[in-house]
2 protein chains.
Amino acid sequence: MHETSLAGLTLRDIATRVGMQQPSLYAHFASKHAIYDAMFEQAWRAFLDYCREAVHDLPAAPRERLTAIAERYFDFAVADLARHQLMDVSVIPGFHPSPQAYAAAVEVYGVMQEELRGVGITSDQDADVYTALVSGLVSQQLANDPGGQRWRRLIPRVIGMFADDLNLPTGHTPRKAP
Amino acid sequence: MHETSLAGLTLRDIATRVGMQQPSLYAHFASKHAIYDAMFEQAWRAFLDYCREAVHDLPAAPRERLTAIAERYFDFAVADLARHQLMDVSVIPGFHPSPQAYAAAVEVYGVMQEELRGVGITSDQDADVYTALVSGLVSQQLANDPGGQRWRRLIPRVIGMFADDLNLPTGHTPRKAP
DNA sequence: GTCTATAGGAAGATAGAC
DNA sequence: GTCTATCTTCCTATAGAC
């Protein structure tokens with residue numbers, strides 16, 4: 001899927017990729033939407049694993065920790081445009097994830113909330129701001145500089161702004177004195 | 001287009017909408033991609049007009065001005081998911097805008113830059129941050145609360161963070177004292 | 001479970017009358 | 001410029017042998 005675009009994905013593409021003929025897919029999935037649904041859930045579970053596997057190596061200082069999380073989030077999203085579209089943008093004409101698949105996304109949200117609580121961010125609003133900041137950098141990166149680093153480099157700066165706004169403690173002096 | 005999704009749009013849909021039969025479209029456009037191209041350009045030109053028509057009524061104070069611009073930007077993007085996908089997300093399998101159509105998007109970028117210079121923001125990096133902030137709110141709004149206001153309400157807060165980071169002057173006292 | 005064969009439909013594009 | 005009719009291609013999905 002990674003190579004063609006998400007909307008242009010066909011069952012023959014998938015079947016070829018896994019070394020099958022196209023009708024054989026129906027022995028495993030009831031419909032094309034069911035395949036999208038499985039991919040949706042798999043993508044979110046992969047993200048969950050990706051988050052969890054990093055959790056031990058993250059810096060302890062809140063500001064640096066938030067930055068590291070943002071960078072991981074960013075890298076995962078930017079690594080695969082089609083996957084990102086499947087997870088976060090509704091581009092498939094009639095597709096809505098099943099409750100089971102959606103549960104994986106909700107679980108990620110819970111992990112993220114917990115992680116944010118760990119650095120002292122408890123309000124939903126603050127969590128919303130944090131996710132919006134990172135997803136903005138992601139969408140600009142994908143839209144305007146795919147494959148580049150132009151927006152990725154802004155992550156420390158943007159998270160720094162956010163941390164300043166919340167008066168989070170830091171090991172460094174702030175970027176700009178008041 | 002507004003009602004169906006962008007990727008599911010067919011020539012028959014378009015023709016029906018404008019009261020024609022599908023083949024008649026070929027008297028006006030060479031291909032389906034040519035129609036996408038025209039829509040792409042039209043959307044960006046519409047945004048350009050939408051920006052310019054507001055420019056006289058914007059607040060003069062930098063912080064409030066940035067917020068007002070962000071809210072306009074946000075409202076335009078959120079008003080039509082399919083249009084937003086056409087303008088900012090690559091969802092059409094083989095579609096890349098022609099240089100002529102793309103010029104409209106570049107023109108918008110110029111207007112935006114000029115407007116930012118007007119409030120004292122001259123570096124490309126700062127402009128990148130500003131657009132990332134707004135586009136992040138847009139994508140979260142569309143993905144997680146379509147039709148709602150949950151992320152729109154965060155605009156003053158987020159722009160305030162940005163303005164604080166740049167030490168932009170304001171009419172108000174800052175949200176949080178250091 | 002996998003295959004070949006094919007149904008059944010919808011898409012983009014073309015031909016040619018008016 | 002618009003129409004009807006149709007071409008060609010490609011899709012999802014099903015049937016049925018092995």
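Chain letters run A, B, ... following the sequence lines, proteins first and then strands; every chain starts at 1. Keep in mind that this is a model prediction, so the values were computed, not measured.
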Self-check item: Side-chain heavy-atom pair Ile69(B), Tyr130(B) within 4.5 angstrom cut-off
Solution: yes
For nucleotides 5-12 of chain C, which of its nitrogen or oxygen atoms have a protein nitrogen or oxygen under 3.5 Å away, and what is each distance?
residue, atom, partner, partner atom, Å
dG12(C), OP1, Lys32(B), NZ, 2.5
dG12(C), OP2, Leu11(B), N, 3.0
dG12(C), N7, Arg12(B), NH1, 3.4

Quiz item: Hey, are the side chains of Tyr36(A) and Pro97(A) touching, using non-hydrogen atoms and a 4.5 Å cut-off?
Solution: no
Quiz item: Any side-chain donor paired with an acceptor under 3.5 Å for Asp124(B) and Gln113(B)?
Solution: yes
Quiz item: Is the NZ or CZ atom of Arg83(A) positioned over Phe40(A)'s six-membered ring, under 6.0 angstrom from the centre and within 45° of the axis?
Solution: no
Self-check item: Contact check, side chains of Val111(B) and Val55(B), non-hydrogen atoms, under 4.5 Å
Solution: no
Quiz item: Should Leu25(B) and Ile14(B) count as side-chain neighbours, where that means a heavy-atom distance under 4.5 Å?
Solution: yes
Exercise. Considering only heavy atoms of chain A and a distance under 4.0 Å, specify the first and last nucleotide of DNA chain D in 5' to 3' order that meet this criterion.
Key: dC11(D) to dT14(D)
Quiz item: Under 3.5 Å, is there a donor-acceptor pair between the side chain of Asp13(B) and the main chain of Thr10(B)?
Solution: yes
